[in-house]
Protein chains: 2
Amino acid sequence: MTARDLTKNQEMVLGALSAADGPLSAYTILDRLRDRGFRAPLQVYRALDKLLDYGLVHRLESINAFVACAHPHCHGHGSIAFAICEKCGQVEEFSDATVQSRLGDWSREHGFKPSKTAIEIRGTCATCLA
Amino acid sequence: MTARDLTKNQEMVLGALSAADGPLSAYTILDRLRDRGFRAPLQVYRALDKLLDYGLVHRLESINAFVACAHPHCHGHGSIAFAICEKCGQVEEFSDATVQSRLGDWSREHGFKPSKTAIEIRGTCATCLA
DNA sequence: TTCGTTGCGTAACGCTATAACGTCCGTTAT
DNA sequence: ATAACGGACGTTATAGCGTTACGCAACGAA
Ligand SMILES: [Zn+2]
Ligand SMILES: [Zn+2]
Ligand SMILES: [Zn+2]
Ligand SMILES: [Zn+2]
């Protein structure tokens with residue numbers, strides 16, 4: 001379950017995401033892998049599912065896209081936050097212990113058992129503002 | 001721009017969301033309003049756009065659904081968080097000043113100008129755990 | 001062997017959202 | 001008044017995102 005033994009498809013999808021300079025939609029990944037044998041969306045989605053499980057890839061819920069994890073080694077990142085530039089598409093991945101702890105507090109106080117947390121800030125990055 | 005003067009379509013969409021006991025997809029709203037004259041997705045999406053502008057409705061990015069604001073009077077809620085139960089579909093809307101401030105800090109420090117923030121915790125609610 | 005699990009390939013389908021028309025109506029300027 | 005504009009509306013078609021359903025092949029456990 002802890003990865004390290006990716007299948008051919010999984011490696012190609014992860015490769016496409018790593019090579020990209022920003023998040024990619026599943027169908028964009030498909031297009032970029034067509035000349036390497038990909039034919040159908042399911043090939044991409046199946047690979048993505050596993051890569052998400054392994055923590056090597058993150059899904060950006062607010063833009064229906066996927067991005068390679070920026071810190072695949074820092075294994076423990078619980079809830080991650082993303083800053084997504086709406087101009088250039090660049091994404092910054094970060095995590096904040098205080099935010100995590102506050103959201104954890106709320107969950108505990110309300111008897112809510114969290115499974116997956118999404119924190120996404122959309123806006124304009126420093127580069128695009130300059 | 002500050003609402004108070006909803007059109008017929010906007011009122012019907014808001015009514016459908018308020019009457020529902022949980023978030024609804026745009027197409028579910030469409031189905032529920034068919035006998036009141038709704039025919040096409042665009043009628044729903046156009047109304048939703050305005051209602052989102054007015055702050056009367058929130059979009060749940062991680063499940064492609066919409067929900068009536070739980071506190072339409074507390075006008076000022078900047079970035080809101082949602083706890084979404086994956087069992088029963090119930091949604092709790094809350095806001096945490098510390099979380100907001102921490103995310104604001106990160107943005108300021110990184111020269112990022114935020115426009116819209118989504119915080120969504122998926123998991124299992126207290127009721128469904130019991 | 002037999003079975004269960006996992007990954008893969010293909011086709012079809014369903015759900016989510018927008019583009020591109022044209023129309024109607026109330027407000028405003030001439 | 002009437003022309004011009006903006007905003008909401010209706011309809012059709014299309015684009016984009018994701019899953020269901022089927023069958024096959026490989027591998028390890030029983
Ligand atoms: Zn990561
Ligand atoms: Zn940018
Ligand atoms: Zn609200
Ligand atoms: Zn529940």
Side-chain angles (χ1 to χ4, degrees), chain A residues 1-17 20 22-54 56-67 84 86 89 116 118 120 122, chain B residues 1-17 20 22-54 56-67 84 86 89 116 118 120 122:
Chain A
M1 181 254 193
T2 21
R4 294 311 94 82
D5 235 20
L6 300 181
T7 69
K8 194 134 189 60
N9 282 6
Q10 287 160 16
E11 239 175 296
M12 284 193 282
V13 169
L14 181 56
L17 283 173
L24 299 180
S25 79
Y27 276 71
T28 302
I29 296 172
L30 174 59
D31 286 339
R32 297 197 181 181
L33 293 178
R34 275 197 197 282
D35 51 4
R36 305 190 61 183
F38 274 56
R39 292 272 160 268
L42 209 50
Q43 296 175 281
V44 177
Y45 282 110
R46 287 204 269 232
L48 284 173
D49 280 346
K50 288 300 178 184
L51 293 170
L52 289 167
D53 276 353
Y54 301 156
L56 297 175
V57 161
H58 300 296
R59 175 185 170 84
L60 301 175
E61 307 282 359
S62 64
I63 59 173
N64 296 324
F66 302 85
V67 66
I84 306 168
E86 290 173 319
K116 201 161 200 183
E120 301 180 12
R122 275 179 291 175
Chain B
M1 180 253 193
T2 20
R4 292 318 89 85
D5 236 19
L6 299 182
T7 69
K8 196 132 187 65
N9 282 5
Q10 287 160 17
E11 239 176 295
M12 284 194 282
V13 168
L14 181 57
L17 283 173
L24 299 180
S25 79
Y27 276 71
T28 302
I29 296 172
L30 174 58
D31 286 340
R32 296 196 181 182
L33 293 178
R34 275 198 197 282
D35 51 2
R36 305 190 60 182
F38 275 56
R39 294 271 161 270
L42 213 50
Q43 296 175 281
V44 177
Y45 283 109
R46 286 203 270 232
L48 285 173
D49 280 347
K50 288 298 178 187
L51 293 171
L52 289 167
D53 276 353
Y54 300 155
L56 297 176
V57 160
H58 301 297
R59 175 188 169 81
L60 301 174
E61 306 282 359
S62 64
I63 58 174
N64 297 322
F66 304 85
V67 66
I84 306 168
E86 291 173 318
K116 201 161 201 184
E120 301 180 13
R122 277 179 291 173

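Just so it is clear, the values below take in all heavy atoms, side chains as well, and ignore hydrogens, waters and symmetry mates. Here is the naming used below: chain letters follow the sequence lines, and residue numbers restart at 1 for every chain.
Taking 4.5 Å as the limit, some side-chain heavy atom of B:Val13 sits within range of a side-chain heavy atom of B:Phe38. No side-chain heavy atom of B:Val44 sits under 4.5 Å from any side-chain heavy atom of B:Tyr27.
For the pair B:Asp53 CG and D:dG7 C1', the interatomic distance rounds to 14 Å; values are reported in whole Å. Taking atom CD of B:Glu11 as the reference point, atom C1' of D:dA8 lies 14 Å away to the nearest angstrom. Atoms CG (A:Asn9) and C1' (D:dA25) sit 14 Å apart, rounded to a whole Å. Between the CG atom of A:Leu6 and the C1' atom of C:dG7 there is a distance of 13 Å, given to the nearest Å. In this structure, A:Arg34 places its CZ atom 14 Å from C1' of C:dG9, rounding to the nearest Å. Rounded to an integer number of Å, the gap from A:Leu30 CG to D:dT19 P is 15 Å.
A donor-acceptor contact shorter than 3.5 Å links the side chain of A:Gln43 to the backbone of A:Ala40.
Within the structure, a side-chain polar atom (N or O) of A:Lys50 is placed less than 4.0 Å from OP1 or OP2 of C:dG7. Under 4.0 angstrom from either OP1 or OP2 of D:dG7 there lies no side-chain N or O belonging to B:Thr7.
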>> Counting primed atoms plus P, OP1 and OP2 as sugar-phosphate and everything else as base, spell out the protein contacts along nucleotides 10-20 of chain C at 4.0 Å heavy-atom distance: B, S or - for each nucleotide, 5' to 3'.
In response: B-----BBBBB
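A:Arg122 has no carboxylate O lying under 4.0 Å from a charged side-chain N of A:Glu120, or vice versa, which leaves the two without a salt bridge.
Distance check: A:Leu6 CG to A:Leu56 CG gives 6.0 Å after rounding to the nearest 0.5 Å.
Partners of B:Arg46 by salt bridge (charged side-chain N to carboxylate O under 4.0 Å, His left out), not counting sequence neighbours: none found.
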